Amino acid sequence: MDRKPVRPFRSREWFADPQRSDMTALYLERFMNYGLTPRELRSGRPIIGIAQTGSDLSPCNRIHLELARRVREGIRDAGGIPMEFPVHPIFENCRRPTAALDRNLAYLGLVEILYGYPIDAVVLTTGCDKTTPSGLMAASTVDIPAIVLSGGPMLDGWHEGELVGSGTVIWRSRRKLAAGEIDEDEFLQRACDSAPSAGHCNTMGTASTMNAVAEALGMSLPGCAAIPAPYRERGQMAYETGRRIVEMAYEDLRPSKILTRESFLNALAVVSACGGSSNAQVHIMAMARHAGVELRPQDWTGHAYHLPLLVNMQPAGKYLGERFFRAGGVPAVMWELQEAGRLHGECASVTGRTVAENLQGRRATDREVIRPFSEPLMQDAGFLVLGGNLFDFGILKTSVISDRFRGRYLKNPGQEGIFEARAVVFEGADDYHARINDPALDIDEGCILVMRGAGPIGWPGSAEVVNMQPPDALIRRGIETLPTLGDGRQSGTADSPSILNCSPESAVGGGLSWLQTGDVIRIDLNAGTCDALVAPEEIERRKRDLPAPPVPESRSPWEALYREKTGQLADGATLDFALQFKRIAEKTPRHNH
């Protein structure tokens, strides 16, 4: 029985246009050279793109080179025609000066592919941090049916009988190295042991967080995010994803029908309950803006702070990805939020059912890993938005504030949640590494380490360099964490309680540009403020008389263009000119001959 799509497939305008047989011939003929037939492409079946992010340059996503076969089989079995194509690679660990440059570049490339080729629907393969937002940003701009398939986390890492989480082990081990507890060989071995298989980070870093966000938004099949890459269930999920995207093509179930303000608020809640990455703020804001959804920076405090930490997973907790998956994964977390009345269950999803319908029977099976809403690891464990004379927007992930840190800085009698610290300012990461152990800085537990020049324009791209550790001498005394602040980001696998993503950044004249070492900074978490205690007339003098902080030159054409067109982290660091383009697939591009 022939199925009829809700609206004609756009690929028909390439392969079955009765008005331009010459162009139909041109579009068809070269697809024949690897074995496709005119009958397939002219059959009226949907052409399903597979946006391939896996490559040797992207080891976190390399599993998709194998998973694509199962996606293809699912597409074929459901009656679609699969077409796999490459996406600009993004590898968080290795791309210099920062992989943040590539999110917007991959977005641009994917928009052009989805718009300019005969693709009716697409499977977005994701994994490493920025592959998820770039894919969803592009899907929103073009607005054809789209579904996310995560490649999944690595198996749990072990080192001498101890769980070692990818990324997290590096930040924790560098403190041990500074304290003299391990040597460099041990440091490298611990890092290598944290990556035992194919897949992305096995911690709740940015990769796991962003794939959880895709599921929370309703853009992937329930349970997709947490399946470890080597598990058989990952291949099964790839097959079912391939089958489902064909049905979505017939149903014309597009991102614009799924991505709403309520679905984004669901994503904020899931990030907080999971102890997710602070990088989620940048990417969720970018995705919302491209989807045409109003999401305000203050929504992070209003909708995502007064939530408990439910997931006991590094860096905020103890366990890693395998046990999180076996405990029930993202659906079990969403079930807890729904039962507590903190989830919008009426939101649509790629299944064709509501979020509430998807969550039936999804209660957690391991309460040590996914805690009940009423018995969390921590209350009020979400994100706080701060502002003041140093920046209009900064964000603090509270789930990684340790009891020791809280006791030292946030529990002074009569001043709970308030502290003051002497600023020690660094001009980027090179300056920090060169001077952090300089005795002349006189860094003690009463200091706050400040990183500037690390934002989208200053780095460029915004770098994960704000999670600075104390000087070696302090670490050897047992002080492993100091307050930190900066206009860049930090790794989602880090456990440092930092004030991040400060906007506007120093490179565009933000308050950090006039801050000096020795200034006292007052942070009030109760009021959501962060101010340098510097007189207004002195601030004006510094702005007028002192040179601006140094900004390195652009080293490539894309760096220069990125700097020219990209906004601040508070608003998602988007290419702001691109926000005017929405649902562009509604009009087919002009013929090419």
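Since the structure is predicted, the reported quantities are computational estimates derived from the model, not experimental observations.
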Contacts table for residues 379-394: side-chain donor-acceptor under 3.5 angstrom, sequence neighbours left out:
unit_1	atom_1	unit_2	atom_2	d
Asp380	OD1	His306	ND1	3.1
Asn389	OD1	Ala532	N	2.9
Asn389	ND2	Ala532	O	3.0

Run the side-chain donor-acceptor check on residues 102-109: report pairs under 3.5 Å with partners two or more places apart or on a different chain.
unit_1	atom_1	unit_2	atom_2	d
Asp102	OD1	Arg95	NE	3.4
Asp102	OD1	Arg95	NH2	3.0
Asp102	OD2	Arg95	NE	2.9
Arg103	NH1	His283	ND1	3.1
Arg103	NH1	Gly572	O	3.2
Arg103	NH2	Gly572	O	2.7
Arg103	NH2	Ala573	O	2.9
Asn104	ND2	Ala573	O	3.0
Tyr107	OH	Thr141	OG1	2.9
Tyr107	OH	His290	ND1	3.4

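- Legend: residues meeting salt bridge (charged side-chain N to carboxylate O under 4.0 Å, His left out) with Glu420, ordered by chain and number and at least two apart, are Arg522.
- Residue pairs satisfying the salt bridge (Lys or Arg N to Asp or Glu O under 4.0 Å) criterion with at least one member in residues 393-408, sequence neighbours excluded, are absent.
- Look at Arg422 and Asp519 and you find no salt bridge, because none of the NZ, NE, NH1 or NH2 atoms lies under 4.0 Å from a carboxylate O.
- Shown here are the salt bridge (charged side-chain N to carboxylate O under 4.0 Å, His left out) partners of Glu480, two or more places apart in sequence or in another chain: Arg175.
- Scored by the side chain to side chain contact (heavy atoms under 4.5 Å, CB included) test, Ile457 finds Glu505, Ala507, Val508, Arg563, Gln568 as partners (sequence neighbours excluded).
- Salt bridge Lys130/Glu92: present, at least one basic N to carboxylate O contact under 4.0 Å.
- Residues Val465 and Tyr432 form no side-chain contact, since every pair of their non-hydrogen atoms from C-beta on lies 4.5 Å or further apart.
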Please report, to 0.1 Å, the donor-acceptor pairs under 3.5 Å made by any side chain of residues 440-451, with sequence neighbours excluded.
unit_1	atom_1	unit_2	atom_2	d
Asp444	OD1	Gly446	N	2.9
Glu445	OE1	Arg477	NH2	3.3
Glu445	OE2	Arg477	NH2	3.2

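- Atom CZ of Arg541 has more than 12 neighbouring heavy atoms from other residues, nucleotides or ligands inside a 6.0 Å radius.
- For the side chain to side chain contact (heavy atoms under 4.5 Å, CB included) test, residues two or more places apart in sequence or in another chain that qualify with Ile170 are Phe187, Ala191.
- Here salt bridge (Lys or Arg N to Asp or Glu O under 4.0 Å) pairs that include residues 449-466, with residues two or more places apart or in two chains, are Glu427-Arg452, Glu464-Arg489.
- Scanning for side-chain hydrogen bond (donor to acceptor under 3.5 Å, both in side chains) contacts around Gln469 gives Arg174, with sequence neighbours left out.
- Residues forming a salt bridge (charged side-chain N to carboxylate O under 4.0 Å, His left out) with Lys543 (at least two apart in sequence, or on another chain): Glu540.
- Among residues two or more places apart in sequence or in another chain, the side-chain hydrogen bond (donor to acceptor under 3.5 Å, both in side chains) test is passed with Gln415 by none.
- Other residues, nucleotides and ligands place more than 12 heavy atoms under 6.0 Å from the CD atom of Gln580.
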